[in-house]
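Encoded as structure tokens, the structure appears first; notes follow it.
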Amino acid sequence: MATAREIRRRIRSVKNVAQITRALQLVASSKLRRTQARVLSARPYADELQRVLIHLSHASADDDEPSPYFYSDREDADLRLLQQRAIKRVGIVVVSPDGTLAGALPGNVNRKALAFAQEQKTAHGLTDADVRFVAVGKRGRDFLVRNRLNVIADFTGLGDMPKSSDVRAIARVISDAYLSGEVDSWHLIYPKFVSSLIQTPTEIQLLPVQPPEAAADAEVVKHDYIFEPDAGTIYAALLPRYVETLIYQPLLELVASFYAAQFVAMKSATDNANDLAADLNLTYNKARQAAITTQILEVVSGAGDQ
Amino acid sequence: MAQRPTLYVQVVTTTGEVHAGEADEVLAPGSEGQLGILPRHAPLMTTLKVGALIIKHAGSEETLFIGGGFMEVADNRVIVLADDAERASDIDEAHAQEARRRAEADLAQDRSDVDRAALTGDLERALGRIRVAEIQRTRRTRHATPPPGSEQ
């Protein structure tokens, strides 16, 4: 059995660990709350933009069957983001955190990305060389590079408040790759923030743009709009912004998911450390008692000898 | 006579809502020229360029800097989806001047086309901010000290 002094040293170090993990847990919970507010405040823009795109696709179609693809044969570069092509090469944006101590979160995202890449390869008969990756966040980048996958760009250090310039840079890379014909469809994998306990790795399609459709039961008011300059130009101006909101929302949810996962991981670490400290305390007391008993026995037997 | 309807104006950017409220008149920097929106305006969709968005309500005026974007008018609702928006009172004019100087200095050098486009955009936004800040300042001084002769 370990000596009382060794046990005391272990108790001290376990308590130190518990203190650190507890501090991280508190920081994560306060950052989570702030991030949730940010996720909510980004929603009006995304909602309104979607509503306007739906209006626009209805207003533009003269026939009874409204179609957002009405514009897709125009020559504007931005409208070519709607074009569906035969899929020969696929791009995947992997959104993962920069930070560590977030439990299984980064691993789950990376696994989902690999599974999705596999799915695409079988569906379209592609090889590894046909799958391009864009890594957002260090955990995903390190994983992709370690697996020798085809990473064409990486974005790290976005921080807790992804800026619109960061979002634009990412959108630029994937749009360019799409318009140049290097990649025929783009998808994004991110940890969707379902609740503080559940974050599900989720896939969404970025390009070609799938124009938002009105919910089946929603009634779309048809207005006779005046367009300045014209409907096609407005649609072309809005599409890249729509792609940006498709990227921005996951980036915000990533931050929320990261802190939620970190909170849970740090909470269980703190609990474990406290349990361990309690166990060690018991062992320490037993060891101390055993030492005292031995000493008494020695004294008593020593006295009896005389 | 029925009461004249008012407009409901909402200005949103990707990071949040900048302005929401009633208005009697909205002046917006449309890409095809300055637009004045009054209640019962016909449904309209337009792109916006960099400039000042002025919202008039009950005798007071709110000026916002808009860094380009999009506007929809329908059913007395005005929705501005701005790439960038800031209340005139929140503009840091020194910061905008600095951004302007930087953009001008960078533009003076030889750059590729992509850089030029981005820098021209930066410069335009900095100038827009400065202009909006100036509008705000002149209005405030006008309120504080009425020009001589205005009492009559």
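Just so we're on the same page: letters track the sequence lines, and every chain starts at 1. Atoms considered below: every heavy atom in the structure, side chains included; atoms not considered: hydrogens, waters and symmetry mates.
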>> Restricting to non-hydrogen atoms, name the atom on A/I234 and the atom on B/F70 that form the minimum distance, rounded to 0.1 Å.
In response: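 For A/I234 and B/F70, the tightest heavy-atom pair comes out as CG2-CE1, 3.1 Å.
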> Any side-chain heavy atom of B/M45 sitting closer than 4.5 Å to one from A/L238?
Replying inline: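 A side-chain contact under 4.5 Å is absent here.
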>> Can you tell me which portion of A/R38 sits under 4.5 Å from chain B's heavy atoms? Options are side chain, backbone, both or neither.
In response: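 Neither part; nothing is under 4.5 Å.
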>> Need one label for A/A237: side chain, backbone, both or neither, based on atoms under 4.5 Å from any heavy atom in chain B.
In response: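 Just its side chain gets close to chain B.
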Roughly how far, to the nearest 0.5 Å, is the [atom2] atom of [Y] from the [atom1] atom of [X]?
| X | Y | atom1 | atom2 | result |
| --- | --- | --- | --- | --- |
| B/E72 | A/R51 | CD | CZ | 4.5 Å |
| B/I79 | A/D47 | CD1 | CG | 11.0 Å |
| A/E228 | B/L48 | CD | CG | 10.0 Å |
| B/T13 | A/Y45 | OG1 | OH | 8.0 Å |

Chain A heavy atoms under 4.5 Å from [X]: which part of the residue, side chain, backbone, both or neither?
| X | answer |
| --- | --- |
| B/S31 | side chain |
| B/D84 | neither |
| B/L44 | both |

> Relative to chain B, which of A/L49, A/L40, A/V52 shows the most heavy atom pairs under 4.5 Å?
Replying inline: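 Counting heavy-atom pairs under 4.5 Å, the top option is A/V52.
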>> Run B/T15 and A/Y248 through side-chain contact (heavy atoms from CB on, under 4.5 Å) and show every step you take.
In response: CA-CA 9 Å; B/T15 48; A/Y248 187 59; 3.3 Å; yes
